[in-house]
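Notes follow the structure.
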Amino acid sequence: MHLPEGYGTNKGYLAAMGAISEELGLMKFETLPRPWDTDDTVGFLKRLVTRFRGQKLCVFWDRASYHNNETLRTLFRQLDVAWIINVPY
């Protein structure tokens with residue numbers, strides 16, 4: 001992956017979300033030059049489900065506040081995707 005100049009330094013910001021498979025490795029990876037929010041996450045999940053239609057998916061989240069809200073819980077149920085919120089770190 002090529003990162004634009006300045007990312008990973010105090011001059012820039014890079015937020016990433018990815019999907020991996022034990023069998024296939026990295027399956028999907030997206031970045032934003034700002035923090036993710038609920039709308040960005042909804043879009044990522046819909047693209048993920050579309051790409052892997054018919055396959056069982058389980059999402060492991062960190063404890064970002066936007067990962068555990070009613071909008072996403074409803075979407076997970078609608079898309080039939082399991083989700084796990086990690087323990088505090």
Side-chain angles (χ1 to χ4, degrees):
M1 177 178 80
H2 180 286
L3 299 178
E5 187 173 330
Y7 285 102
T9 70
N10 291 333
K11 298 177 184 176
Y13 188 94
L14 181 66
M17 194 172 292
I20 60 171
S21 161
E22 182 178 6
E23 294 84 24
L24 303 173
L26 184 63
M27 302 299 299
K28 184 159 186 59
F29 189 79
E30 294 181 13
T31 61
L32 290 174
R34 58 175 171 68
W36 289 74
D37 62 20
T38 298
D39 291 337
D40 299 321
T41 305
V42 165
F44 179 85
L45 289 171
K46 287 181 176 181
R47 290 186 293 278
L48 187 67
V49 168
T50 298
R51 180 169 178 184
F52 299 103
R53 189 170 310 280
Q55 298 182 42
K56 290 196 175 274
L57 297 174
C58 181
V59 175
F60 293 85
W61 288 131
D62 63 16
R63 298 184 65 79
S65 59
Y66 62 89
H67 286 162
N68 191 18
N69 62 48
E70 190 56 38
T71 298
L72 289 177
R73 286 191 296 270
T74 299
L75 181 64
F76 279 119
R77 287 189 293 272
Q78 290 171 346
L79 298 176
D80 193 28
V81 173
W83 76 97
I84 296 172
I85 303 289
N86 288 332
V87 297
Y89 50 87

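We count residues from 1, following the sequence as given.
The side-chain heavy atoms of L72 and T41, taken from C-beta on, include a pair separated by under 4.5 Å.
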Legend entry - side-chain contact (heavy atoms from CB on, under 4.5 Å) between L45 and V59, intermediate numbers included: CA-CA 9 Å; L45 289 171; V59 175; 4.0 Å; yes

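The shortest non-hydrogen separation linking N69 to T71 is OD1-N, 3.1 Å. Of all the heavy atoms in D40 and P35, the pair that sits closest is OD2-O, 4.0 Å.
With values rounded to the nearest 0.5 angstrom, H67 atom NE2 is found 8.5 Å from T38 atom OG1. The distance from the CG atom of L48 to the CD atom of Q55 is 9.5 Å, given to the nearest 0.5 Å. In this structure, N86 CG and W61 CH2 are separated by 11.0 Å, a value rounded to the nearest 0.5 Å.
Under the 4.5 Å side-chain contact rule for hydrophobic residues, V42 and I85 share a cluster. No path of Ile, Leu, Val, Met, Phe, Trp and Tyr side chains, each step under 4.5 Å between heavy atoms, connects W83 with F60, placing them in separate hydrophobic clusters.
For L79, the CG atom is densely surrounded, since the number of other residues' heavy atoms within 6.0 Å is greater than 12. Residue K46 qualifies as open at atom NZ: its count of foreign heavy atoms under 6.0 Å is 12 or below.
Ring planes of F44 and W36: perpendicular class, angle over 60° (limits at 30 and 60°).
A donor-acceptor contact shorter than 3.5 Å links the side chain of R51 to the backbone of M27.
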